[in-house]
Amino acid sequence: AQSVTQLGSHVSVSEGALVLLRCNYSSSVPPYLFWYVQYPNQGLQLLLKYTTGATLVKGINGFEAEFKKSETSFHLTKPSAHMSDAAEYFCAVSQGGGNKLTFGTGTQLKVEL
Amino acid sequence: DTAVSQTPKYLVTQMGNDKSIKCEQNLGHDTMYWYKQDSKKFLKIMFSYNNKELIINETVPNRFSPKSPDKAHLNLHINSLELGDSAVYFCASSQDPAQPQHFGDGTRLSIL
């Protein structure tokens, strides 16, 4: 079975500050890992993914995440927050078998002036 | 061009009614999904179809019946709607497990 834990349902940062959203996973096989962003009243948009290869992956809008197998983590970071980054962020894991995505409970990011 | 499109965007209906949500993808993907997002934003998979065949059914009540007439379409029919069915339903598609899923904008279902 696979599962995802996102620590912190709400994260607040100042504009220009570092963004760090935490994600830990459990998977019985090497996982595929994803971060999605959801803006109000919209669907989910892919930020970045890890499947194999380089453990530091870069995504859209300046976000990146690092796969750390020893820590079973896939934390999302952005060096400098922008007001437009305010949204709900979901970490998800897939391990094949129909490509079922298991989502974390989400982290709402608030960016303050 | 919209990659994954769902209709309707909003659906308000009374308890006990039957309703359908349609989903179409123009990405040429083989696999399509339905997810339910509850009021706390929690997302959970309901169904997955690969080339019109059901491959995932996550203990969803049998009042929910997905139908895939072809691999580009996956519709969701719900019988005897209950208050607890109020949620946002997302359709998604993907080509294979290593590729990300593409999501529609969701259908917000409200039961009165």
Checklist outcome for this item: Scanning both residues in full, the closest heavy-atom pair of A:F103 with B:F42 reads O-CE1, 4.0 Å
Checklist outcome for this item: Separation between CD1 (B:I45) and OG1 (A:T102), nearest 0.5 Å, reads 8.0 Å
Next on the checklist: Between B:Y33 and A:L101, is the side-chain contact (heavy atoms from CB on, under 4.5 Å) condition met? List the steps.
Outcome noted: CA-CA 10 Å; B:Y33 315 81; A:L101 268 181; over 6 Å; no
Checklist entry - Considering only heavy atoms, which portion of B:N50 lies under 4.5 Å from any heavy atom of chain A: side chain, backbone, both, or neither? => result neither
Next on the checklist: I need the single residue from A:L47, A:L46, A:L44 that forms a side chain to side chain contact (heavy atoms under 4.5 Å, CB included) with B:P100. Which is it?
Outcome noted: A:L46
Item to check | Minimum side-chain heavy-atom gap B:Q101-A:F34 below 4.5 Å | outcome: no
Checklist outcome for this item: Correct closest heavy-atom pair for B:F90 and A:Q38 would be CZ-NE2, 3.3 Å
Next on the checklist: Measuring only between side-chain heavy atoms, which start at C-beta, is A:Y36 closer than 4.5 Å to B:L43?
Outcome noted: no
Item to check | Joint hydrophobic cluster, A:L18 plus A:I60, side-chain heavy atoms closer than 4.5 Å | outcome: no
Next on the checklist: Quick check on the hydrophobic clustering: are B:L76 and B:Y35 connected, directly or via other members, by side-chain heavy-atom contacts under 4.5 Å?
Outcome noted: no
Checklist entry - Counting only heavy atoms not in B:K52, do more than 12 sit closer than 6.0 Å to its NZ atom? => result no
Checklist entry - Is it the case that one hydrophobic cluster holds both A:V93 and B:I55, taking links as side-chain heavy atoms less than 4.5 Å apart, direct or via other members? => result no
Checklist entry - Would a hydrophobic clustering, with Ile, Leu, Val, Met, Phe, Trp and Tyr connected at side-chain separations under 4.5 Å, put A:F67 with A:L76? => result yes
Checklist outcome for this item: From the list B:K9, B:Q6, B:K44, B:E58, the residue making the most non-hydrogen contacts under 4.5 Å with chain A is B:E58
Next on the checklist: Quick check for you: to the nearest 0.5 Å, what is the distance between A:F90 atom CZ and B:Q37 atom CD?
Outcome noted: 5.0 Å
Item to check | Same cluster (ILVMFWY, side-chain, under 4.5 Å), B:M46 and B:L83 | outcome: yes
Checklist outcome for this item: Value for NZ (B:K40) from OG (A:S9), rounded to nearest 0.5 Å, stands at 10.5 Å
